[in-house]
Amino acid sequence: MGFQKQISNILSVLKERSKITKRWQTVLLSATLQGVEGLVASLGMENPVTLWSGEEREKSKKDMYSDIPKRLVQRYIVVPCKFRLIALNAAIRQHMQHIPHAKILVFLSNCDSVDFHHVLLQKEWQNQSEEEEEESKREQVAILKLHGNMSQIDRTRSLLSFTKASRGILLATDVASRGLDFPEVSMIIQYDSPTSPEEYVHRVGRTARCGKGGNALLFVLPLECGFINYLHSQCGIESLQKTDTVSLLNQMYGSDPKAGKSLAIELHRGANAASQHLKSVVGQDKDLTKLSELAFTSSVRAYATHSKELKEYFRIKSLHLGHYANSFALKYVPCSLYSTITHMQRGLNQFIYKSLCTCFFRCREKPMIAGKHGSSSISSHKKMGNNRTSRLPSIQGFNRKGKSKTPGSNTAHHKKKKKKKKKKDIGGYVLS
């Protein structure tokens with residue numbers, strides 16, 4: 001329970017005040033209450049009684065996962081890193097076309113990512129809706145956001161707007177995964193993978209409520225496919241169906257018969273054209289570019305926060321930062337990543353810090369920074385007055401200044417190894 005410490009403090013204060021009346025009763029209510037015995041002991045309950053709405057027994061984790069409604073259609077899609085953004089757009093539009101009064105809840109890992117995708121989706125949806133005659137005849141789609149950094153007034157406004165809307169899209173963090181009842185939600189999209197199996201259950205639980213049907217779609221990268229096997233074997237979630245990525249791209253961006261067969265999915269013509277279009281849209285808007293860079297940096301940081309049992313399926317060292325930047329419509333890895341690395345080096349999280357540095361340097365033959373002056377090496381960037389690189393760690397064959405330790409790669413190495421002058425032998429005397 002996330003607020004167990006705070007609840008314990010509140011109960012201790014109430015118990016002191018209740019000594020006068022000598023009457024005390026505590027009731028705990030939860031839809032998914034696990035580990036009841038430990039929780040009761042920590043709260044200091046006396047003679048507790050446990051009541052279940054169904055069978056009177058404590059359910060195991062597999063039992064909890066098996067309680068997912070049978071009317072919920074669970075699917076997953078394996079998307080290359082650089083096509084994540086356009087695949088999200090395609091999945092939303094495909095669902096909107098098939099269901100007239102569709103309401104979609106999209107889960108992302110952090111607040112910055114929610115802000116970026118909210119602005120971009122609003123901009124693109126408005127532009128594409130004006131071009132499509134059929135779309136303009138329908139009701140307008142409410143595109144909203146919800147996360148913890150919003151004020152209470154803005155959060156309440158988003159909740160009410162999404163509840164009242166007949167067609168809507170809500171982009172949210174995990175703050176919307178528990179304790180909220182959204183009526184008539186037809187689809188859940190987990191764009192960023194959950195940090196734990198329990199979080200997966202809570203997310204998909206926002207749809208298919210009160211005996212109604214619903215859909216859930218989980219986005220995974222090719223390197224994360226082991227997470228699907230984990231849900232099958234360890235959690236007993238066997239109803240996950242695979243969605244064909246090529247079919248989705250063909251339907252929304254034009255057919256490419258060679259993609260996924262004789263050619264890789266990454267070479268899909270229509271998808272690449274759509275990706276380039278989004279990059280141009282973001283690149284032409286400075287404010288949107290800033291949001292994209294913040295979302296990228298926060299998402300990389302959030303990628304390393306999965307639970308221990310899922311670390312092997314979400315390895316940040318295997319994440320290609322260049323392709324991951326493409327999923328935020330960026331043409332380069334932003335230099336703001338360096339400030340993130342610097343803060344982590346100061347003690348925020350050493351593990352994430354080392355992983356980020358390793359991943360950053362491995363995705364290039366030479367470490368590069370892209371900023372206002374274009375792409376430049378770390379050494380040249382330092383000449384321009386940026387001394388942050390001097391604090392980088394010595395990892396993966398790079399020294400603290402970001403230069404390679406490979407012999408012969410640095411000029412300083414050659415200076416140390418100066419050629420010795422040849423000695424001449426003249427008539428028994430040695431001249432140097």
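Being a predicted model, the structure only gives us computed values, none of them experimental.
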Spacing of [atom1] belonging to [X] relative to [atom2] belonging to [Y], to within rounding of 0.5 Å:
X	Y	atom1	atom2	result
L121	K145	CG	NZ	13.0 Å
F314	L319	CZ	CG	11.5 Å
L88	L171	CG	CG	7.5 Å
L180	R206	CG	CZ	7.0 Å
S299	L294	OG	CG	10.5 Å
Q94	Q97	CD	CD	7.5 Å

Is the backbone of [Y] close enough, under 3.5 Å, to the side chain of [X] for a donor and an acceptor to pair up by distance?
X	Y	answer
S327	L85	no
E199	S196	no
R93	A90	no
S292	L288	no
S275	A271	no
R209	G205	yes
K103	T163	yes
T245	V78	yes

Going by heavy atoms in the side chains, are [X] and [Y] under 4.5 Å from each other?
X	Y	answer
M187	R75	yes
L146	F162	no
F296	L321	yes
K279	N326	yes
E124	H277	yes
L159	F182	yes
H117	V106	no
E293	T289	yes

Count the heavy atoms of every other residue, nucleotide or ligand shown that sit under 6.0 Å from NZ of K331, and state whether that count exceeds 12.
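For K331, atom NZ is not crowded (no more than 12 foreign heavy atoms under 6.0 Å).
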Within the supplied structure, the quantity of interest is the number of heavy atoms (other residues, nucleotides, ligands) at a distance under 6.0 Å from R155 CZ; does it exceed 12?
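For R155, atom CZ is crowded (more than 12 foreign heavy atoms under 6.0 Å).
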Nearest heavy atoms of [X] and [Y], plus distance in Å:
X	Y	result
V114	A172	CG2-C, 3.9 Å
H268	G254	CE1-O, 3.2 Å
S186	I99	CB-CD1, 4.4 Å
V79	A87	CG1-CB, 3.8 Å
V204	A216	CG1-CB, 3.8 Å
A259	V246	O-CG1, 3.7 Å

Worked verdict on Y313 versus H306 for ring-ring contact (aromatic ring centres under 6.0 Å, His included)
CA-CA 9 Å; Y313 311 117; H306 287 84; 10.0 Å; no
Check step by step if side chain to side chain contact (heavy atoms under 4.5 Å, CB included) holds for I228 and L218.
CA-CA 10 Å; I228 304 299; L218 173 65; 3.9 Å; yes
Under 4.0 Å between a side-chain nitrogen and a carboxylate oxygen: does that hold for D256 and K261?
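Not counted as a salt bridge, because no side-chain N and carboxylate O are separated by less than 4.0 Å.
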Give the ring-plane orientation class for [X] versus [Y], where under 30° counts as parallel, over 60° as perpendicular and anything between as tilted.
X	Y	answer
F116	F328	tilted
H320	H323	parallel
F227	Y230	parallel

Going by the side chain to side chain contact (heavy atoms under 4.5 Å, CB included) test, name the single residue among I77, L105, I104 that passes it with I189.
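Of the listed residues I77, L105, I104, the side chain to side chain contact (heavy atoms under 4.5 Å, CB included) partner of I189 is I104.
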For a side chain to side chain contact (heavy atoms under 4.5 Å, CB included) with I188, tell me which candidate from L72, N215, T207 qualifies.
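Per the side chain to side chain contact (heavy atoms under 4.5 Å, CB included) rule, the option paired with I188 is T207, out of L72, N215, T207.
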Dump the intermediate steps for salt bridge (Lys or Arg N to Asp or Glu O under 4.0 Å) on K290 and D115, then the final yes or no.
CA-CA 11 Å; K290 240 178 218 182; D115 289 334; over 6 Å; no
Show, in sequence, the C-alpha distance, side-chain angles and deciding distance for Y76 and E224, and conclude whether the side-chain hydrogen bond (donor to acceptor under 3.5 Å, both in side chains) test is met.
CA-CA 11 Å; Y76 72 95; E224 300 169 353; over 6 Å; no
Would S280 and Q284 satisfy side-chain hydrogen bond (donor to acceptor under 3.5 Å, both in side chains), going step by step from the backbone distance to the final call?
CA-CA 6 Å; S280 64; Q284 293 171 6; 4.8 Å; no
Does E184 form a salt bridge (Lys or Arg N to Asp or Glu O under 4.0 Å) with R167? I'd like the steps, not just the answer.
CA-CA 10 Å; E184 307 297 333; R167 303 179 74 222; over 6 Å; no
After noting the C-alpha distance and the side-chain angles of N272 and F83, does the key distance pass the side chain to side chain contact (heavy atoms under 4.5 Å, CB included) rule?
CA-CA 8 Å; N272 274 296; F83 281 172; 3.8 Å; yes
Dump the intermediate steps for side chain to side chain contact (heavy atoms under 4.5 Å, CB included) on F219 and R84, then the final yes or no.
CA-CA 8 Å; F219 275 67; R84 275 169 52 85; 4.2 Å; yes
For N110 and H147, run side-chain hydrogen bond (donor to acceptor under 3.5 Å, both in side chains): C-alpha distance rounded to whole Å, both residues' side-chain angles, the deciding distance at 0.1 Å, then the answer.
CA-CA 8 Å; N110 59 88; H147 58 71; over 6 Å; no
Would you sort out whether T195 and L310 count as a side chain to side chain contact (heavy atoms under 4.5 Å, CB included), showing the intermediate values?
CA-CA 8 Å; T195 55; L310 300 182; 5.9 Å; no
Side chains of Q251 and S247: any donor to acceptor distance under 3.5 Å?
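Side-chain D/A pair, S247 to Q251: absent.
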